[in-house]
Engineer: 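Pasting in a structure now, in structure tokens, and then I'll have a few things to ask.
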2 protein chains.
Amino acid sequence: MERARPTTIADVAQHAGVSQASVSRVLNGKASVDPRIVEVVTASIAALGYTPSTAARSLVSGRNNTVAMIVPDLENPLFQGILKGLSRAAALDGYRVLVADTAEIVADEEVIAIEARHRTDAIVLCAPRMPEKKLRDVLSRVAPAVVVNRPIDETGTPVVGVDYVRGIRDLVEHLAGLGHTRLVYLAGPAPSASNRERERGLAEILAARPDLTITTIATGSALDDGYRATAEVIDAVRGEVGATAVLAFNDLVALGLMRGLSEHGVSVPGEVSVAGFDDVPLASFSSPPLTSMSVPRSEIGEQVWQRLRALIAGAAVDHAVLYSPRLEARESTGPVDRA
Amino acid sequence: MERARPTTIADVAQHAGVSQASVSRVLNGKASVDPRIVEVVTASIAALGYTPSTAARSLVSGRNNTVAMIVPDLENPLFQGILKGLSRAAALDGYRVLVADTAEIVADEEVIAIEARHRTDAIVLCAPRMPEKKLRDVLSRVAPAVVVNRPIDETGTPVVGVDYVRGIRDLVEHLAGLGHTRLVYLAGPAPSASNRERERGLAEILAARPDLTITTIATGSALDDGYRATAEVIDAVRGEVGATAVLAFNDLVALGLMRGLSEHGVSVPGEVSVAGFDDVPLASFSSPPLTSMSVPRSEIGEQVWQRLRALIAGAAVDHAVLYSPRLEARESTGPVDRA
DNA sequence: CTGTTAGCGCTTTCAC
DNA sequence: GTGAAAGCGCTAACAG
């Protein structure tokens, strides 16, 4: 079965009895073309079912109307939401999104980013664990690019992200307002920029409120990581530490922990309050519903697109945008029980 | 700020003092090239930081090493898993994947698919609600393509999917084995092919087991849809129907329902058993953990890639692959309470 | 084994 | 207002 030669602009020109240039003109609505030619060309295009070759267009224009998004793990709800927002916003401008999942392998991020950039007009980089030095180096080679969820100064690269420092502080305030003073923080991956941000927020509030105490337990970013921390958390709650509330790195960790606590008969929020971060879709559907910090995932994706579009057009880059997470107080956190 | 002209194969050739053809040869490892030339060209490439233009390559080869995946909603866990599997498998062969989210707008699927196909070498179509007639039409225009999760015969298009008919039957058997005979089915979107498959499975088992009764309640495919069905379900459980178990279209619907039941003080599985479908990552972390039918999302993605690769290579298409979901019996389903 | 040459399909001056 | 012709960067004959 021979693969048919696709119809080209030349076929259309011949069919319409005009020059390729004219076809090209009506195709792009450029210059002024005789209405009659427009008509006949349009008819020929329809008759032949012609669609222009993107490859040829790219070659001559240097553009391919595509952007790439590099993520460590497509199964992370945060990146999914951003991808969705980006994809839909870009589509409105005729752009498509190429995804590249680095499978959490930091060492591969550089080549993947460069390769992806090469097929596209710009990239958005979600690389929370890439060392800063390397990040700067990569950015200088893949520009234009937008970075998500990590600070990066003096590089001319727009950043769109979440104000984790402030978010975690607000969350601690919420807990403190409920009377909790002995907290546990389930830390995310140590190399993660957003984890460092959260820890910075924690340090700030600790400095401001000497009445608080925060015990850190290293975990990760997934459901299992929270689940596995169960014993340690129970120890902190029932042992000398006497913790009454837990802040998890994100909702997945929080939900994993809640599962573990439930299995051990630890009541939430009766015996210990639990709060997450990100407000994933399922957060409000857990039992009890999880208190979390809501971040506008889709909107971040849209903002990323605005920046990318500006960069592609050669426009000036906007300043970084940081979204302040909004507290979603639900039933997994409650007043400290002073029985 | 002038955008610098990218370095081309001509620059490399000049720098190395050889012809473009030679550079092209070492680039592609084609034919045999003098080791000394290989060396000097390699050096020049490195020195100039040259990377070949994908657009030019595409134009001449007719390929662009990219495939597209069309999905109704990127936030659906099922598609996310498939996308992840596809993306990682394709990457191993040097292919990237373009995503196109149709925002659940069935009317747009056709143009999006055709446009996406035009930028890529093949597409994978997840369009559960597209009318079959339209689907056939689209497939004939975008080939090569792979269809996910819906049957489609005599079209030469490979299908990779889940055996919903069998899955739902197995689930009913599980419930029946626990003594449930009066069941409720929370139906998904009516136009959804996979919902029709489930209903077919239900009809089959109903024919085989006259002792069973299944009441259908129309819902949807999201968390809220399940949540909103709460009242109707409670009615079916406590009213004349006397249902003792609920099968939801998918896990999201099941989890939404469980939230509603919990708010109304209906015990699961004490008063009513609840089962989902898909086994999303969070299913085992709900309270109680949700009984579900597990489907190998990533593996489906990998299989899709195998098919796509074969099609792109012009090889024969494999037969349809249907994965049989595996029962994950958890605590949301229990023996019927004959108090 | 290497260089020259002719396109791939399209846009875009440049004449007419 | 329209057509002819020159490339965009690369690969693949074809000579040498």
Side-chain angles (χ1 to χ4, degrees), chain A residues 2-45 48-66 94 115 117-121, chain B residues 2-45 48-66 94 115 117-121:
Chain A
E2 189 99 15
R3 204 168 289 224
R5 188 184 65 78
T7 76
T8 77
I9 199 172
D11 301 325
V12 177
Q14 183 172 21
H15 181 105
V18 299
S19 73
Q20 296 190 19
S22 290
V23 177
S24 177
R25 287 187 188 107
V26 337
L27 232 37
N28 300 290
K30 292 289 187 84
S32 39
V33 186
D34 186 305
R36 284 173 302 181
I37 290 203
V38 173
E39 195 176 338
V40 67
V41 166
T42 309
S44 296
I45 288 175
L48 272 47
Y50 165 77
T51 46
S53 151
T54 51
R57 279 192 158 163
S58 294
L59 181 56
V60 59
S61 71
R63 297 273 193 66
N64 37 224
N65 293 290
T66 304
E115 197 271 349
R117 166 65 179 85
H118 201 255
R119 306 186 182 221
T120 60
D121 300 333
Chain B
E2 187 101 18
R3 206 169 287 225
R5 189 183 64 79
T7 75
T8 76
I9 200 172
D11 300 325
V12 177
Q14 183 172 22
H15 181 105
V18 298
S19 73
Q20 295 189 20
S22 288
V23 176
S24 177
R25 287 186 188 106
V26 336
L27 231 37
N28 300 291
K30 293 288 186 88
S32 38
V33 185
D34 187 305
R36 283 174 305 183
I37 291 203
V38 174
E39 196 176 338
V40 66
V41 167
T42 309
S44 296
I45 288 175
L48 272 46
Y50 165 77
T51 47
S53 152
T54 51
R57 279 190 160 166
S58 294
L59 182 56
V60 59
S61 70
R63 297 274 194 65
N64 36 227
N65 293 290
T66 304
E115 197 271 348
R117 167 64 179 86
H118 202 254
R119 306 184 182 222
T120 59
D121 300 335

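Sequence lines set the chain letters: A, B, ... in the order given, protein chains first and strands last, and positions in each chain run from 1.
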Engineer: Could you give the CG-to-P distance, from Leu59(A) to dT12(C), as a whole number of Å?
Structural biologist: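 So the CG-P distance, Leu59(A) to dT12(C), works out to 13 Å.
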
Engineer: Does dT11(D) have its OP1 or OP2 closer than 4.0 Å to a side-chain nitrogen or oxygen of Arg57(B)?
Structural biologist: yes

Engineer: Among the candidates dT2(C), dC10(D), dT11(C), find the nucleotide nearest to the side-chain atoms of Pro52(B).
Structural biologist: dC10(D)

Engineer: Nearest whole Å is fine: how far is dT2(D) P from Glu39(A) CD?
Structural biologist: 13 Å

Engineer: Let me know the distance between CZ of Arg63(B) and C1' of dC10(D), rounded to the nearest Å.
Structural biologist: 16 Å

Engineer: For DNA chain D, which residues in residues 15-23 of chain B have a heavy atom at a distance below 4.0 Å?
Structural biologist: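 DNA chain D contact set from residues 15-23 of chain B: Gln20(B), Ala21(B).
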
Engineer: Ignoring hydrogens and angles, are the base of dG1(D) and the side chain of Arg36(A) linked by a donor-acceptor pair under 3.5 Å?
Structural biologist: no

Engineer: Whole-Å distance between dC8(D) C1' and Asp11(B) CG?
Structural biologist: 13 Å

Engineer: Can you check the Asn65(B) CG to dC10(D) P distance for me, whole Å?
Structural biologist: 15 Å

Engineer: Over how many whole Å does the gap from Ile9(A) atom CD1 to dC8(C) atom P extend?
Structural biologist: 14 Å

Engineer: Is Ser53(A) touching bases, backbone alone, or none of the nucleic acid, heavy atoms closer than 4.0 Å?
Structural biologist: sugar-phosphate

Engineer: Measure CZ/Arg25(A) against P/dG9(C) and give the value in whole Å, please.
Structural biologist: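 So the two atoms are 21 Å apart, to the nearest Å.
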
Engineer: Figure out the CG/P separation between Asp34(A) and dT2(D), and round it to whole Å.
Structural biologist: 4 Å

Engineer: Does a nitrogen or oxygen in the side chain of Thr8(B) sit under 4.0 Å from OP1 or OP2 of dG9(D)?
Structural biologist: no

